[in-house]
Amino acid sequence: MNREKMLDVFNLVQPGTKLREGLDNILDGSKGALIVVGMDSEVQKIIDGGFFLECEYTPERLFELSKMDGAIILDEKVSKILYANVHLQPNIEYTTDESGTRHRTAQRAAKQLKNRLVIAISERKRVLTLYKGEERYKLKSLLELTNEASQALNTVERYTKVLEQGLGNLTILELDDMVTVEDVCEVLQKFEMLKRIKKYVYECIQELGDEGKLINLQLEDLLKGIEEEEDELLSDYYLKGDEDEDIERVKKELGEIEDVDIFDTTKIAGILGLGKTVSKLDNTITPKGYRILSKFGKLNDRDIETLVEKFGELPKIQEASIDELVEIKGISKFKANAIKKGIERLKFTVELDK
């Protein structure tokens with residue numbers, strides 16, 4: 001199941017919504033149900049019999065109507081119950097690998113209706129399954145979701161520390177002008193891993209709805225500044241261009257690497273234009289200085305861009321004297337001193353942290 005494709009569905013069934021309350025009532029009452037959300041001509045073709053109601057939706061009414069064997073049809077906004085106790089007759093050409101009659105019907109109906117959410121609740125197993133097109137997802141309880149999101153958040157926290165350590169090591173190498181292609185690729189690999197874990201946590205939060213707000217705040221706090229630092233790193237080492245669209249394209253290509261290949265640093269090097277063979281990983285590469293200079297609060301983006309344009313790379317900025325820095329337009333003696341002292345302090349701090 002592609003959880004990402006079901007995110008729009010989670011908005012309807014997340015904890016706190018009226019539909020979820022009705023579904024939980026059915027589960028708690030040990031009842032079964034077959035529910036279709038939305039009505040159109042395609043839905044009309046597969047329903048037979050039952051009762052036309054068109055009454056206001058309430059969780060209590062949904063529960064009472066679930067006591068009948070037939071399916072329940074809701075409107076798209078889940079504001080009305082349109083039909084109850086209807087018989088669904090999807091085309092048997094649509095395959096199903098489900099075992100129970102209710103779930104087999106739900107899966108076939110979802111495939112035939114394509115964009116309609118079909119919900120099946122097992123009376124015996126007390127399992128709630130969502131179907132939409134070819135997708136199928138067993139909805140988890142609030143407790144299961146909270147535990148899952150919390151565990152994923154702990155993973156984010158641990159991996160953030162791994163990334164910070166990798167960036168610290170890279171900083172020392174940059175200041176000593178000893179960076180290799182492999183060093184850069186290993187840090188970018190950690191950025192990409194963290195983004196994939198973040199995506200998983202976000203999907204849990206989407207499914208939790210209002211119950212996931214606190215976890216979302218914790219996630220945002222943990223990842224504060226991460227995206228900006230990745231952009232600066234890519235600006236330092238991407239050789240084919242410095243435009244924002246180039247950086248975004250590189251990030252997109254990194255995101256398209258298969259999970260099984262994410263630890264293959266040659267693939268990352270190839271995307272950066274730094275070579276596609278293992279032998280290229282030992283090549284030294286010099287940063288332009290965007291990431292390091294951004295750590296000095298006295299410098300704005302224009303100052304950093306001016307310094308990079310003038311000197312071209314970080315080692316030359318390090319070697320420049322106060323007088324040479326002051327000659328640059330926009331760089332005052334105060335800022336020049338901030339650069340020199342900032343570099344010294346940064347190296348000391350990173351080595352101390354190690």
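Residue numbers start at 1 and run along the sequence shown. The structure displayed is predicted, hence computed values, not measured ones.
- Side-chain contact between K288 and S235: absent, with no pair of heavy atoms (C-beta onward) separated by less than 4.5 Å.
- With respect to K251 and E248, a salt bridge is recorded, a charged nitrogen being found less than 4.0 Å from a carboxylate O.
- A donor-acceptor pair under 3.5 Å is formed between the side chain of S66 and the backbone N or O of F63.
- Atom-to-atom distance recorded for T306:OG1 and K310:NZ is 11.0 Å, nearest 0.5 angstrom.
- Grouping the Ile, Leu, Val, Met, Phe, Trp and Tyr side chains by contacts below 4.5 angstrom, directly or via other members, places L130 with I121.
- A salt bridge is defined here as a Lys NZ or Arg NE, NH1 or NH2 lying under 4.0 Å from an Asp or Glu carboxylate O, and D303 with K298 fails to meet this definition.
- One finds a salt bridge joining E229 and K295 here, because a Lys/Arg side-chain nitrogen approaches an Asp/Glu carboxylate oxygen to under 4.0 Å.
- Classification of E148 and K140 as a salt-bridged pair holds, one side-chain N sitting under 4.0 Å from a carboxylate O.
- The number of heavy atoms from other shown groups lying within 6.0 Å of NZ (K198) does not exceed 12.
- Considering all non-hydrogen atoms of both residues, D236 and G289 come closest at OD1-N, 2.7 Å.
- L74 is not connected to V118 by any chain of hydrophobic side-chain contacts under 4.5 Å among Ile, Leu, Val, Met, Phe, Trp and Tyr, and they are in different clusters.
- Crowding of L217 atom CG: a count of heavy atoms from other residues, nucleotides or ligands under 6.0 Å exceeding 12.
- The salt bridge (Lys or Arg N to Asp or Glu O under 4.0 Å) with E98 is formed by just one residue from the set R108, R136, K125; it is R136.
- Hydrophobic clustering keeps L113 apart from Y137 (ILVMFWY residues linked when any side-chain heavy atoms are closer than 4.5 Å, directly or through intermediates).
- Under the 4.5 Å side-chain criterion, counting only non-hydrogen atoms from C-beta, I339 is not in contact with I322.
- Using modelled atom types, one finds a donor on one side chain and an acceptor on the other under 3.5 Å when comparing R249 with Y238.
- Few gaps surround CG on D75; more than 12 heavy atoms of other groups in view lie less than 6.0 Å from it.
- Once rounded to the nearest 0.5 Å, the distance linking CZ of R61 with CG of N25 reads 14.0 Å.
- Between the side chains of T286 and E313, no donor-acceptor pair is found at a separation under 3.5 Å.
- In this structure, N11 CG and E207 CD are separated by 11.0 Å, a value rounded to the nearest 0.5 Å.
- Within 6.0 Å of atom CD in E60, more than 12 heavy atoms from other residues, nucleotides or ligands are found, so the atom counts as buried in its surroundings.
- Counting all heavy atoms, side chain and backbone alike, R20 lies closest to S141 at NH2-CA, 4.1 Å.
- Using a cutoff of 4.0 Å between basic side-chain nitrogens and carboxylate oxygens, K190 and E186 are not scored as salt-bridged.
- Applying the 6.0 Å contact sphere to CD of E93 captures no more than 12 heavy atoms from other residues, nucleotides or ligands.
- By the 6.0 Å contact criterion, OH on Y202 is open, its count of non-hydrogen atoms from other residues, nucleotides or ligands being 12 or less.
- Under the 4.5 Å side-chain heavy-atom criterion for grouping Ile, Leu, Val, Met, Phe, Trp and Tyr, I197 is connected to F263 within one hydrophobic cluster.
- By the 4.0 Å N-to-carboxylate-O rule, E230 lies close enough to K195 to be salt-bridged with it.
- The environment of NZ in K213 is sparse: at most 12 heavy-atom neighbours from other residues, nucleotides or ligands sit within 6.0 Å.
- Nearest approach of F191 to I226, heavy atoms of both residues: CE2-O, 3.5 Å.
- Residues I328 and F311 form a side-chain contact, since some pair of their non-hydrogen atoms from C-beta on lies under 4.5 Å apart.
- In this structure the side chain of L145 never reaches within 4.5 angstrom of the side chain of E211, judged on heavy atoms.
- Within the model, atoms CD1 of I35 and CD1 of I26 stand 4.5 Å from one another, a figure rounded to the nearest 0.5 Å.
- Between V187 and N169 there is no side-chain heavy-atom pair separated by less than 4.5 Å.
- Under 4.0 Å is where a charged nitrogen must lie from a carboxylate oxygen, and between E344 and K340 no such pair does.
- A salt bridge does not link K114 to E42: none of the charged side-chain nitrogens sits closer than 4.0 Å to a carboxylate oxygen.
- Taking all atoms of both residues into account, the shortest heavy-atom contact from L65 to A84 is CD2-CB, 3.8 Å.
- You'll find the side chain of R291 reaches within 4.5 Å of the side chain of L167, heavy atoms only.
- Distance check, rounded to the nearest 0.5 Å: CD of E182 to OG1 of T265 gives 5.0 Å.
- Between the side chain of K138 and the backbone N or O of V127 there is no donor-acceptor pair closer than 3.5 Å.
- Taking 4.5 Å as the limit, some side-chain heavy atom of I271 sits within range of a side-chain heavy atom of I257.
- Note that the CD atom of Q89 and the CD1 atom of I47 stand 10.0 Å from one another [nearest 0.5 Å].
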>> Before you tell me yes or no, could you show the steps for Y290 and D231 under side chain to side chain contact (heavy atoms under 4.5 Å, CB included), namely the whole-Å CA-CA distance, both residues' side-chain angles and the distance that decides it to 0.1 Å?
In response: CA-CA 9 Å; Y290 288 103; D231 289 346; over 6 Å; no
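- Considering only heavy atoms from C-beta on, K341 stays 4.5 Å or farther from F296 through its side chain.
- The two residues V201 and A152 have their closest heavy-atom pair at CG2-CB, 3.4 Å.
- Dense packing is recorded around CD of E253, with more than 12 heavy atoms of other residues, nucleotides or ligands lying under 6.0 Å away.
- Looking at every heavy atom in both residues, N91 comes nearest to Q112 through N-OE1, 2.7 Å.
- Checked options V184, L274, V181; the residue passing with L281 is V181 (criterion: side-chain contact (heavy atoms from CB on, under 4.5 Å)).
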>> One pair to check against salt bridge (Lys or Arg N to Asp or Glu O under 4.0 Å): E220 and K224. What are the steps and the verdict?
In response: CA-CA 6 Å; E220 290 179 359; K224 188 176 182 180; over 6 Å; no
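- Between the side chain of Q14 and the main chain of Q206, a donor-acceptor pair closer than 3.5 Å is present.
- Side-chain atoms of D183 and T180 include a donor-acceptor pair closer than 3.5 Å.
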